[in-house]
Amino acid sequence: MQKLREISIPDSEKMQKVISLCKRRGFIFQSSEIYGGLKSAYDYGPLGVELKRNIMNEWWKAMVYQREDVVGLDASILMHPKVWQASGHLACFSDPLVDCLNCKERFRPDKAPRAKPGEEVEFVEGGKKRGRKRRALVERDYVCPNCGCPELSPERHFHLMFRTFLGPVDMLEELVEVVDRNRGLSRAELKEAVASVLERNSVYLRPETAQAMFVQFLNIQKSMSMKIPFGIAQMGKSFRNEVTVKHYIFRSCEFEQMELEFFVEPGTQEEWLEYWKEERLKWYRKFANRPEMFRAREHTPQELAHYADKCYDIEYRYPWGWDELEGVASRTDYDLRKHSEASGVKIEYFDPTKKNEKTGKMGVRYTPYVIEPAAGATRSVLVYLLDAYAEEEPPEEGKSGRTVLRLHPRLAPFKVAVFPLVKKDGMPELARKIVQEFFEAGIHAKYDEQHAIGRRYLRHDEVGTPFCLTVDGQSFEDETVTIRYRDTREQRRIKIREALDVVKKELSREEK
RNA sequence: GCGGCUGUAGCUCAAUGGUAGAGCACUAGCCUUCCAAGCUAGUGAUGUCGGUUCGAUUCCGAUCAGCCGCUCCA
């Protein structure tokens, strides 16, 4: 057997290499590139769309098809604005921020050091460690947390939800009229008047898929006769005006989520949280070459969101360190309760099998608690690309090293490539006949006759194609082809009529 | 949003105030019976806008985008 020696790649170079491969081989392109690109927006090319879709299909399979207690949902991205009022996103997503005019620090006023208005304070010019000292009067009840300077920009709100407007009528006229009518007002009052026009017409692109599952809880539970515990699964795009976008597709303003809301009886949330944490960790590791690169980390009390009583982050060891991939949160009954209060609709579950302690009769009514495993689909794409990317030294003298994507066969964009050894003697025709069988079976396959055979193997290694079938002279004598394995570079002969089954069998293997 | 660095062909990189070059890749053809062989020919680039200049890819400014750090990330 050939010895395949992997070249170790420093973390500092890994992202560059993966990004470059993704562009070169049609996985991921920058959005609107010919216009100079758009901040943190990326397009999934012909191979990227396959990888992303394969990951999402595997998630759907594990969440919905392979269990009885979860059903699916595909909600609209635009929802009634009251949804976001009730969920708290409208308020929380617009924290005021302030810039320090001295050291350029940006911070939240509520987290800044307190000070007395009118007091004189000393600070270093430019915010450096040493330098000329200056004094100034405190105007507000806080100073810059970095340099202590009281000279600050106005408090500004940063809306983290994308606002848009429903309805074809342009509100420009209305706005002009409001401004015109209120000429005498102060700036603050005018701002409020304009804001109210905007608010009245605004809808928002969802910042998470979760809320639709809470809002449709009753419809789904009743129409499908679901009994608690049960879950609702949804995949789709969400949008956030992130202050800082980072690390390629890791944090972008438009991203794709795979979320499960799993409703449980109050009091059982802890065990279900543990259950889902383990399930999700297992799921990620199933498709990975390096399962040890995934871990679950419990949130510290400081990190915990206001709606959660406990939360795990499923983290991956990215080239920049451990970072989030999925959050598995115990959200209590916060969301259902909020929507119940805001809408006036009683969102409860009636369990006829439990005895009511108070009345002694059968049947208990309660607001379910929810466990939320919320995964990043686009983050998963990055994670599996990083996990799969490898470079190898030449297996022996005179041969070539290679770059290989060791993707799980079910995640790989092409499942199989079919080649004629050379472009003559009827080999292309036979190879095309074989590839046609895969087309008809719905297995994504690629016919390739360009360049020499070795180059074709290596090109398909680079995009993660797990199996290559090659027609040669012998194929016409005994109806066999060679199957060549991506991970080992080994090959063996199989009967042509068995080729489809051999590939199918490899694809159905659970473990990587 | 701040600070630092960066932007030349699909990729990796070179050069210059005066005709922008290579390797790889790609295309066509020849050759080729299992791991990036060879030969011939070919396509293809200075992120965008503006300024200085006789002339700017080079100098300056703005802008867009990327990387690193800070900040942010209910």
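Chain letters run A, B, ... following the sequence lines, proteins first and then strands; every chain starts at 1. None of the values given here were measured: they were computed from a predicted structure.
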Side chains of [X] and [Y]: donor-acceptor distance under 3.5 Å anywhere?
X: A:Thr209; Y: A:Glu259; value: yes
X: A:Gln436; Y: A:Tyr447; value: no
X: A:Thr470; Y: A:Tyr457; value: yes
X: A:Thr367; Y: A:Arg337; value: no

Return the value, rounded to whole Å, for the distance between atom [atom1] of [X] and atom [atom2] of [N].
X: A:Arg206; N: B:A74; atom1: CZ; atom2: C1'; value: 18 Å
X: A:Arg492; N: B:C34; atom1: CZ; atom2: C1'; value: 16 Å
X: A:Tyr485; N: B:C34; atom1: OH; atom2: P; value: 20 Å
X: A:Tyr457; N: B:U32; atom1: OH; atom2: P; value: 19 Å
X: A:Lys39; N: B:G7; atom1: NZ; atom2: P; value: 22 Å
X: A:Glu462; N: B:C11; atom1: CD; atom2: C1'; value: 10 Å
X: A:Leu469; N: B:C35; atom1: CG; atom2: C1'; value: 16 Å
X: A:Leu21; N: B:U12; atom1: CG; atom2: P; value: 11 Å

Please work out if [X] contacts a base, only the sugar-phosphate, or nothing of the nucleic acid, heavy-atom cut-off 4.0 Å.
X: A:Gln30; result: sugar-phosphate
X: A:Ser20; result: sugar-phosphate
X: A:Arg251; result: base
X: A:Phe419; result: nothing
X: A:Arg402; result: nothing
X: A:Glu208; result: base
X: A:Met427; result: base
X: A:Asp461; result: nothing

Whole-angstrom distance between [N] and [M], as gauged at atom [atom1]:
N: B:G21; M: B:U16; atom1: P; value: 14 Å
N: B:G3; M: B:C72; atom1: C1'; value: 16 Å
N: B:G55; M: B:G7; atom1: P; value: 25 Å
N: B:A25; M: B:A37; atom1: P; value: 7 Å
N: B:G29; M: B:C68; atom1: C1'; value: 48 Å
N: B:A15; M: B:U33; atom1: C1'; value: 45 Å
N: B:A14; M: B:G50; atom1: C1'; value: 28 Å
N: B:U43; M: B:U27; atom1: C1'; value: 7 Å

Quick one: does [X] reach the base of [N] with a side-chain donor-acceptor pair under 3.5 Å?
X: A:Ser400; N: B:C35; answer: no
X: A:Arg484; N: B:C35; answer: yes
X: A:Tyr35; N: B:C64; answer: no

I want to check one thing: is the phosphate of [N], taken as OP1 and OP2, less than 4.0 Å away from some side-chain N or O of [X]?
X: A:Arg455; N: B:C26; value: yes
X: A:Gln16; N: B:G66; value: no
X: A:Arg379; N: B:C73; value: no
X: A:His451; N: B:A37; value: no
X: A:His247; N: B:G66; value: no
X: A:Lys23; N: B:C11; value: yes
X: A:Arg25; N: B:C11; value: no

Apply the salt bridge (Lys or Arg N to Asp or Glu O under 4.0 Å) test between A:Glu462 and each candidate in A:Arg402, A:Arg24, A:Arg486; give the one that qualifies.
A:Arg24
If you check the [X] side chain, which of [options] turns out closest?
X: A:His89; options: B:A36, B:U33, B:A74; answer: B:A74
X: A:Arg240; options: B:C35, B:A74, B:A36; answer: B:A74
X: A:Gln450; options: B:A28, B:C34, B:A36; answer: B:A28

Ring centres of A:Tyr369 and A:Phe263 under 6.0 Å apart?
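Not close enough - the centres of the two rings lie 6.0 Å or further apart.
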With ring centroids as reference points, do A:Tyr318 and A:Tyr316 lie under 6.0 angstrom apart?
yes
Let me have RNA chain B in dot-bracket notation, would you? Count Watson-Crick plus G-U wobble pairs, both distances under 3.5 Å, and use [ ] for pairs crossing earlier ones and | for inter-strand partners.
(((((((..((((....[..)))).(((((.......)))))....(((((..]....))))))))))))....
Can you find a heavy atom in the side chain of A:Lys310 that is under 4.5 Å from one in the side chain of A:Glu270?
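Yes. Closest side-chain heavy atoms under 4.5 Å.
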5' priority, RNA chain B, between A:Gly37 and A:Arg331 [closest heavy atom]
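Counting from the 5' end, the first nearest nucleotide belongs to A:Gly37.
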Given side-chain contact (heavy atoms from CB on, under 4.5 Å), test A:Leu386 with A:Met293 step by step and report yes or no.
CA-CA 11 Å; A:Leu386 287 165; A:Met293 300 285 267; over 6 Å; no
Side-chain donor-acceptor distances from residues 495-503 of chain A under 3.5 Å, at least two apart:
residue  : atom : partner  : partner atom : Å
A:Lys495 : NZ   : A:Asp478 : O            : 3.2

Please walk me through it: do A:Glu254 and A:Ser31 pass side-chain contact (heavy atoms from CB on, under 4.5 Å)?
CA-CA 11 Å; A:Glu254 174 177 341; A:Ser31 164; over 6 Å; no
